[in-house]
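Encoded as structure tokens, the structure appears first; notes follow it.
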Amino acid sequence: MTDVIDELHRRGLIALSTDEAALRAHLAEGPVTYYCGFDPTAPSLHVGNLVQFMLLRALQRAGHQPVVLVGGATGLIGDPGGRNSERQLNDREVVAEWVERIRRNVRPLLERPAEESGLRPPIYVNNLDWTEQLSAIDFLRAIGKNFRVSQMLAKEAVSARLNSEAGISYTEFSYQILQANDYRELYRRHGVTLQTGGSDQWGNLTAGIDLVRRTEGAGVHAMGTPLITTADGQKIGKTQGATVWLDPELMSPYAFHQYWLNVDDVDARAWLPLFCERPAEDVAALIAESEERPAARAPQRALAEDLTRLVHGDQELAQAEAAGRALFGRDDLASLDAGTLTAALTEAGSVTVDGELPTIAQLLQQTGLVSSLSEARRTVKEGGAYLNNERVADGDAVPGEDAWLPGGWLVLRRGKRAVAGVRRGA
RNA sequence: GGCGGGUUGCCCGAGUGGCCAAUGGGAGCGGACUGUAAAUCCGUCGGCUUAGCCUUCGAAGGUUCGAAUCCUUCACCCGCCA
């Protein structure tokens with residue numbers, strides 16, 4: 001059996017770690033209980049969080065015990081890291097709901113391997129459970145005494161904000177203490193000895209290590225994943241300015257699948273080892289194929305396939321693939337049968353219209369392909385609007401009777417990739 | 001608590017009384033070229049019942065024929081001093 005650390009290095013999942021020799025020895029001794037935290041700052045996890053799960057899954061496959069912390073408490077405070085302004089505080093009820101939704105995101109990622117391969121299922125914890133009843137006195141006396149302000153100020157996340165125009169509130173300044181305390185609680189409650197996270201969390205991870213050493217006298221470990229960016233320096237997981245969510249209610253499996261398919265060549269090759277759990281030889285072969293025949297987009301297809309299956313399941317993957325073939329294939333739309341068209345457009349997104357038919361511009365807006373009528377008109381003017389694959393000349397025209405495709409559908413497209421269906425109502 | 005600087009469209013950043021829906025850059029979007037890539041070039045980039053109209057320049061008032069630009073108050077941010 002190969003060393004899990006070796007695998008993680010091969011895949012580029014480790015950017016930082018505490019003493020690696022010690023960590024390697026620790027992991028070799030037997031099952032290690034490790035944790036990673038996610039703050040509920042949105043209703044769903046997104047593609048950027050997926051990197052953490054690739055690491056968590058690799059450790060799980062190696063026989064270790066994952067603990068997933070959802071930050072019901074820290075989500076109320078706000079991590080100053082990686083941002084140049086203060087966070088807007090969210091309401092407690094909202095954060096509580098997000099905690100639940102995020103747990104649902106995690107299920108297929110860590111529970112399925114447990115069910116299907118007999119690996120250890122994740123333990124879920126919420127730091128609100130031990131943070132909420134902490135009194136200000138206890139917090140300051142029992143925990144705060146262990147922190148030196150000079151060290152806290154030196155953390156990148158804090159100093160960056162101190163040097164920014166926005167500054168930093170005492171609330172967010174305290175964040176690292178809360179996260180450090182989480183590590184200590186999990187060490188006590190579950191024997192956690194390894195925390196993983198993004199390398200932008202490094203200051204918070206080491207704060208926890210210091211606290212555990214100081215108060216428990218134990219040496220515990222941390223591992224940081226690299227920050228994944230596109231070739232031009234953007235954060236991973238944005239498409240058309242929107243976030244690529246894992247929750248199917250926020251982003252359809254079809255759109256999720258399309259996102260990976262559209263990743264550019266450079267990024268696809270770079271990301272493949274990170275996100276693809278296939279054998280090393282297969283990954284290398286896919287990259288080699290991409291160099292030779294980039295148009296085949298082998299890495300993109302592998303990413304789309306593996307990740308859609310991982311996050312949404314086999315059935316959703318099959319539907320997303322079929323929809324993509326139908327909408328982007330070379331076949332004439334009119335030659336598609338009603339069933340295929342219906343399945344494809346349902347995946348892609350559609351609206352139903354009854355009664356009097358709106359203009360094409362209005363339909364573009366109703367399907368969400370554009371956000372305003374002005375934008376619809378502009379798109380038509382720019383030659384970027386298509387009805388049934390034919391460029392629209394007049395946005396104020398109403399589609400004719402002959403435009404309806406089998407099953408009672410109109411296919412609207414904006415630009416090359418954004419497609420939506422309009423279905424005739426009763 | 002005192003003094004000074006600041007708050008402009010998704011972001012950065014010009015603009016100090018009319019020519020400002022607001023220069024420029026970036027992001028985004030569309031077109032051409034391609035491979036549902038990248039780079040490049042061109043166009044576009046508040047909203048609407050779009051030759052016109054409406055709402056924007058931290059918030060609220062005020063001066064003026066007319067304000068993002070002047071005055072007052074408030075909020076927030078940064079710096080120096082106490």
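All chains are named by letter (A, B, ...) in the order of the sequence lines, taking the proteins before the strands, and each is independently numbered beginning at 1.
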Determine the Euclidean distance between corresponding C1' atoms of B/rG52 and B/rG4; express it in Å to zero decimal places. 47 Å
A/Gln195 side chain reached by A/Met223 side chain, heavy atoms, under 4.5 Å: no
Using the P atoms only, state how far B/rA22 lies from B/rU55, rounded to an integer number of Å. 16 Å
Between B/rU44, B/rA37, B/rG35, spot the one nearest the side chain of A/Ala295, thanks. B/rG35
Working note: A/Glu316 + A/Arg309, criterion salt bridge (Lys or Arg N to Asp or Glu O under 4.0 Å); need CA distance, chi angles, decisive distance, verdict. CA-CA 7 Å; A/Glu316 297 292 355; A/Arg309 179 185 292 119; over 6 Å; no
Any N/O donor-acceptor pair, A/Glu382 side-chain to B/rG43 base, under 3.5 Å: yes
I need the CD-P distance between A/Glu291 and B/rA38, as an integer number of Å. 17 Å
Under 3.5 Å for both donor-acceptor distances, Watson-Crick or wobble: does B/rC10 have a partner, and if so which one? B/rG26
Expressed in whole Å, how much space separates the C1' atoms belonging to B/rG25 and B/rU34? 28 Å
Could you tell me how far apart A/Lys416 (NZ) and B/rA38 (P) are, to the nearest whole angstrom? 9 Å
Which atoms form the tightest heavy-atom contact between A/Leu227 and A/Ser199, and what is the distance? N-OG, 3.8 Å
For B/rG66 and B/rG18, measure between their P atoms and round to the nearest Å. 14 Å
Protein-nucleotide distance (A/Arg414, atom CZ; B/rG30, atom C1'), rounded to Å: 7 Å
Using the C1' atoms only, state how far B/rA67 lies from B/rU8, rounded to an integer number of Å. 14 Å
Over all strands shown, is A/Tyr259 touching base, sugar-phosphate only, or nothing at heavy-atom distances under 4.0 angstrom? nothing
For atom CG of A/Leu364 and atom P of B/rC48, their distance in whole Å: 13 Å
A/Tyr386 has an atom OH; how far is it from atom C1' of B/rC29, in whole Å? 13 Å
Nearest whole Å is fine: how far is B/rG35 C1' from A/Trp260 CH2? 20 Å
Write down the distance separating the C1' atoms in B/rC29 and B/rC10, rounded off to the nearest Å. 13 Å
Taking donor-acceptor contacts at under 3.5 Å, does the side chain of A/Thr379 reach the base of B/rU44? no
note: A/Arg297, atom CZ; B/rG35, atom P; distance rounded to Å ~ 10 Å
B/rU50 base / A/Lys381 side chain donor-acceptor hit below 3.5 Å: no
Counterpart base for B/rU16, defined by Watson-Crick or G-U wobble contacts under 3.5 Å: none
A/Ser372 vs A/Phe328, nearer the 5' end of RNA chain B by closest nucleotide: A/Phe328
Could you tell me if A/Gln365 and A/Ser372 have a donor-acceptor pair between their side chains, going purely by distance under 3.5 Å? no
Nearest nucleotide by nearest heavy atom, which residue falls closer to the 5' end of RNA chain B, A/Gly415 or A/Arg377? A/Gly415
Between B/rG43 and A/Arg378, is there an OP1 or OP2 to side-chain N/O distance shorter than 4.0 Å? no
Return the orientation label for the A/Trp271 and A/Tyr259 ring planes: parallel under 30°, perpendicular over 60°, tilted otherwise. parallel
Do you know the tightest heavy-atom contact between A/Asp247 and A/Ser44? N-OG, 3.1 Å
Indicate, with a heavy-atom threshold strictly under 4.0 Å, whether A/Arg391 touches base, sugar-phosphate, or nothing. sugar-phosphate
Considering only B/rG47, B/rU36, B/rA32, which nucleotide approaches the side chain of A/Ser374 most closely? B/rG47
Atom P, compared across B/rG6 and B/rU72: separation rounded to whole Å: 15 Å
What is the base-pairing partner of B/rC80, counting Watson-Crick and G-U wobble geometry with both distances under 3.5 Å? B/rG2
How close or far is atom P of B/rU36 from atom CD of A/Glu321, stated in whole angstroms? 17 Å
Quantified in whole Å, what is the P atom distance between nucleotide B/rA38 and nucleotide B/rG30? 11 Å
Side chain of A/Asp264 (C-beta onward), nearest among B/rA37, B/rG35, B/rC48: B/rA37
All heavy atoms of A/Gln133 vs all of A/Leu128, minimum pair found to be OE1-O, 4.2 Å
Who pairs with B/rA21 - Watson-Crick or G-U, where each distance is under 3.5 Å: none
For B/rC74, give the paired nucleotide (Watson-Crick: N1-N3 plus N6-O4 or O6-N4; G-U: N1-O2 and O6-N3; both under 3.5 Å), or none. B/rG58
